[in-house]
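Shown next, in structure tokens, is the structure this report addresses.
In the text below, chain A, chain B and the rest are named by the order of the sequence lines, each starting its count at 1.
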Amino acid sequence: MVTETMLDIKAIRQDPEFFRRGIARKKADPELIHQLLTMDESWRAALAEVERLKNDRNRASEEIAKKKKSGEDASESIRLMKDVSDRIKLLDETVREREAAVKDLLLSIPNVAHESVPDGDSEEDNVTLRHWGEKPQFSFEPKHHYEIASQLDIVDFERAVKITGSRFILYKGLGARLERALANFMLDFQTEKNGYQEMFPAFIANADSLVGTGNLPKFGEEMFRLEGLPYYLIPTAEVPLTNYYRDEILSIEQLPVKFAGYSSCFRSEAGSAGKDTRGLIRLHQFQKVELVKLVLPENSYAELDSLIEDCADILEALELPYRVVEICTGDLGSKETKKIDLEVWFPAQQTYREISSCSNFEDYQARRANLRFRRTETSKPEFVHTLNGSGLAIGRTLAALLENGQQSDGSVRLPKALVPYMGGIEIVN
RNA sequence: GGAGUGAUGGCCGAGUAGGUCGAAGGCGCUCGCCUGCUAAGCGAGUAUACGGUUAUAAGCCGUAUCGACGGUUCGAAUCCGUCUCACUCCGCCA
């Protein structure tokens, strides 16, 4: 059963002050905690009352059964219980309403950031942790990736708009080959070198799965929904991979689970009109190799570090300069406790752009997706911690390769690691 | 898409003239006994969630859960309705 619980209500009852401070760091209203606890109390009061009535009813039912068996008259008890049953029906409704209210409030409360996350108000306050690689020097004015792609005729922007619409593209010739080569290279790398299990999921997921990862109910407008069906195009392979063990209890030997999944990703990009409208940066459909880990709670921050390394490995193998950026509390999503972005260098724009995002959700998704493990055969199930990171977004990787590898004659030199995947082609021209 | 069958605990599998059924039995598993070792045998235990009590322990009390949701009833695994899924046959396709 998928729950819509986000945080542990028991933990909040236990230490409300901790959560007040925690959500204040994320720029949410600390008063929410008070509202939550008030509603929680009234829910529990109603629950206790209705459970007491049900207890009465169960007892009376036993009595009635006995009387009937021995031939006594039970009509008086039955008359009394009819009244009790009616009251239960009404109170049950109250309990349901208050429970729903508690869940709504819980959903509006963001996950508390890890103590190591830097304070900040916005993306301005994110902290660059390190840089890797030499930015390429050009003896000419470097072109934008979309200019290069158009001139080499490896991406057809105009006809893709005709066929589908804006923010869709079509890879052509060596562009299509490059897209395929990148997918194969990334999957081979993550499975052979970094020990992930390859997964190829359906690109459509049901509502329960999207609730499990936290895409629903709050972010439904960012996804494409199939008309008349409770199905959505997945915004990332994180959805099917994280939900793979939903409602299951794993044994401790199975952890950590490490999945690498290739998929198309569909984003409606509602509210991003006018942003990055050219090129491969912001599309309704792109391909990505996603890494997902299910891990022991005590290991999740070490696992986040290694996840970042696994993603950075790809950039290094592709000889792309990048930097590592720690997201501050004000820029952190409501679900993550800590997030590190990898940003790749785009010479034409003279800027770094996000190409991978690695996050720890602690037990946020596990709680929603009911993803648990047992330490021993007889111990109580506990929630795992879930993490994911892009390893990597293929469209943006392809764009970065074009810009960083461009030469004065308009051709593009490919990194050595990719050449075997391109059937020996070193230069795209 | 058409026709039919089914859905019970970790697994298998009883249970429909509604009544102490959270659910017989078996397997598996855990602990103990026994046994040169292993196997066999003997005994006990073995779901989850939520609420209450409590030390945020154990235990105890209560409520709910027999695919899901809703209904009938004092009372539903058992009756009725809707849905979902699985399997078989036909059709269609890659």
Side-chain angles (χ1 to χ4, degrees), chain A residues 1-19 33 36-103 105-106 112 200 202-212 226 228-231 243 245-254 297 363 366-384:
Chain A
M1 222 28 285
V2 172
T3 72
E4 296 199 1
T5 307
M6 166 173 186
L7 293 166
D8 186 358
I9 182 77
K10 287 183 200 158
I12 299 176
R13 285 177 200 149
Q14 184 57 36
D15 191 356
E17 202 37 49
F18 171 82
F19 286 89
I33 299 295
L36 171 71
L37 290 177
T38 305
M39 185 50 75
D40 178 51
E41 230 165 276
S42 76
W43 165 63
R44 282 185 292 162
L47 184 63
E49 172 71 6
V50 78
E51 288 192 349
R52 195 182 59 71
L53 288 175
K54 283 180 179 174
N55 184 225
D56 288 350
R57 184 180 66 184
N58 287 346
R59 276 188 228 242
S61 289
E62 277 180 34
E63 289 299 313
I64 291 167
K66 269 183 201 159
K67 282 184 183 168
K68 287 214 164 179
K69 217 166 216 173
S70 63
E72 290 176 57
D73 176 40
S75 54
E76 176 63 11
S77 309
I78 290 176
R79 199 182 57 75
L80 283 171
M81 280 307 108
K82 193 166 176 57
D83 189 49
V84 171
S85 269
D86 288 343
R87 285 171 63 198
I88 287 173
K89 211 163 266 182
L90 285 173
L91 251 180
D92 257 340
E93 191 50 42
T94 306
V95 169
R96 257 196 298 274
E97 284 165 9
R98 292 186 186 171
E99 188 176 13
V102 168
K103 283 183 172 173
L105 278 163
L106 270 174
V112 173
F200 186 70
F203 297 174
I204 293 174
N206 62 31
D208 278 349
S209 293
L210 290 153
V211 169
L226 272 63
L229 295 170
Y231 291 161
N243 277 282
Y245 285 119
R246 168 152 54 84
D247 289 324
E248 294 189 37
I249 300 175
L250 304 175
S251 66
I252 197 165
E253 295 80 32
Q254 290 175 271
D363 66 2
R367 197 173 284 285
R368 298 170 66 100
N370 198 23
L371 258 169
R372 297 176 297 171
F373 74 101
R374 277 187 221 276
R375 291 186 189 271
T376 71
E377 298 256 11
T378 51
S379 52
K380 276 187 69 168
E382 296 171 51
F383 291 112
V384 300

*Given the P atoms of A77(B) and G9(B), what is the spacing between them in whole Å?*
14 Å
*Opposite nucleotide pairing with C50(B), Watson-Crick or G-U, both atom distances under 3.5 Å*: G62(B)
_From Asn58(A) atom CG to Glu51(A) atom CD, the distance as rounded to the nearest 0.5 Å_ = 11.0 Å
_Could you tell me how far U46(B) sits from G59(B) if I compare only their P atoms? Round to whole Å._
11 Å
*Who pairs with C92(B) - Watson-Crick or G-U, where each distance is under 3.5 Å*: none
*Who does U5(B) pair with, Watson-Crick or G-U, both distances under 3.5 Å?*
A86(B)
*So what's C37(B) paired with, Watson-Crick or G-U wobble, going by both distances under 3.5 Å?*
none
*Rounded to whole angstrom, note down the C1' distance from C74(B) over to U56(B).*
40 Å
*For Ile64(A), answer base if it contacts any base atom (sugar-phosphate contacts may also be present), sugar-phosphate if it contacts only those atoms, and nothing otherwise; contact means non-hydrogen atoms under 4.0 Å.*
base
*Give a yes/no on whether any side-chain N or O of Asn58(A) is located under 4.0 angstrom from OP1 or OP2 of U63(B).*
yes
*Under 4.0 Å between a side-chain N or O of Arg374(A) and OP1 or OP2 of U46(B)?*
no
*asked:* Both Lys54(A) and Arg372(A) contact RNA chain B. Which one's nearest nucleotide lies toward the 5' end?
replied: Arg372(A)
*Any donor and acceptor pair, going by atom type alone, linking the side chain of Gln254(A) with main-chain N or O of Ser251(A) inside 3.5 Å?*
yes
*Heavy-atom distance under 4.5 Å between the side chains of Val84(A) and Met81(A), does that happen here?*
yes
*asked:* Please report the distance, rounded to the nearest Å, between CZ in Arg96(A) and C1' in C69(B).
replied: 11 Å
*With heavy atoms under 4.0 Å as the rule, sort Arg59(A) into base, sugar-phosphate or nothing.*
nothing
_Taking only the C1' atom of each, what is the distance from G51(B) to U38(B) in whole angstrom?_
49 Å
*Residue whose nearest RNA chain B nucleotide is more 5′ - Lys68(A) or Asp56(A)*: Lys68(A)
*asked:* At 4.0 Å (heavy atoms only), tell me whether Arg13(A) reaches a base, stays on the sugar-phosphate, or touches nothing.
replied: sugar-phosphate
*Please report the closest heavy-atom contact between Asn243(A) and Ser209(A), naming both atoms and the distance.*
ND2-O, 2.7 Å
*Taking all non-hydrogen atoms of both residues into account, name the closest pair between Phe383(A) and Pro297(A) and its distance.*
O-CG, 3.6 Å
*Which of these nucleotides, G75(B), U48(B), G51(B), is closest to any side-chain atom of Arg44(A)?*
G51(B)
*What is the distance from CD1 of Ile88(A) to C1' of U72(B), rounded to the nearest Å?*
16 Å
*Atom CD of Glu62(A) to atom P of G18(B): distance rounded to whole Å?*
19 Å
*Identified pairing partner of A55(B), criterion: Watson-Crick or G-U wobble below 3.5 Å*: none
_Side-chain N or O of Asn370(A) versus OP1/OP2 of U48(B): is the shortest distance under 4.0 Å?_
no
*Rounding to the closest angstrom, what is the interatomic distance between G41(B) and G26(B) at atom P?*
12 Å
*Round to the nearest Å and state the distance from Ile249(A) atom CD1 to U46(B) atom C1'.*
14 Å
*Tell me what Lys10(A) touches on the nucleic acid: a base, only sugar-phosphate, or nothing, going by heavy atoms under 4.0 Å.*
sugar-phosphate
_Separation between the C1' atoms of U54(B) and A68(B), rounded to whole Å_ = 36 Å
_With a 4.0 Å limit, can you tell me whether Asn55(A) has a side-chain N or O closer than that to the phosphate oxygens OP1/OP2 of G62(B)?_
no
*Whole Å only: how far is the CG atom of Asp86(A) from the C1' atom of G75(B)?*
14 Å
*asked:* In this structure, how many angstroms lie between the C1' atom of G75(B) and the NZ atom of Lys66(A), rounded?
replied: 15 Å
_Using the P atom as the point on both nucleotides, what is the distance between C12(B) and A7(B), in whole Å?_
12 Å
*Paired nucleotide for U20(B) [Watson-Crick or G-U wobble; both distances under 3.5 Å]*: none
*Quote, to the nearest angstrom, the C1' distance that separates A14(B) from A3(B).*
30 Å
*Have a look at Ser85(A) and say if it touches a base, only the backbone sugar-phosphate, or nothing, with a 4.0 Å heavy-atom cut-off.*
sugar-phosphate
*May I ask you to evaluate whether Lys89(A) reaches the phosphate of U72(B), defined as a side-chain N or O under 4.0 Å from OP1 or OP2?*
yes
*asked:* What's Lys380(A) touching, base or sugar-phosphate or nothing? Going by heavy atoms closer than 4.0 Å.
replied: nothing
_Atom CZ of Arg87(A): over 12 foreign heavy atoms under 6.0 Å_ = no
*For Arg59(A), look at atom CZ and say whether over 12 heavy atoms of other residues, nucleotides or ligands are found less than 6.0 Å away.*
no
*Pair partner, C29(B) [Watson-Crick or wobble, under 3.5 Å]*: G45(B)
*When rounded to the nearest 0.5 angstrom, what is the spacing between CD1 in Ile33(A) and CZ in Arg13(A)?*
13.0 Å
*Of the candidate nucleotides G19(B), G75(B), G62(B), which contains the atom at the shortest distance from the side chain of Glu51(A)?*
G62(B)
_Rounded interatomic separation in angstrom, taking CD from Glu99(A) and P from G51(B)_ = 9 Å
*Select base, sugar-phosphate, or nothing to describe what Asp83(A) touches, counting heavy atoms under 4.0 Å on all strands.*
nothing
*Rounding to a whole Å, what distance do you find between Arg52(A):CZ and U63(B):P?*
12 Å
*Across all strands shown, which nucleotide pairs with U73(B) by Watson-Crick or G-U wobble geometry, both distances under 3.5 Å?*
none
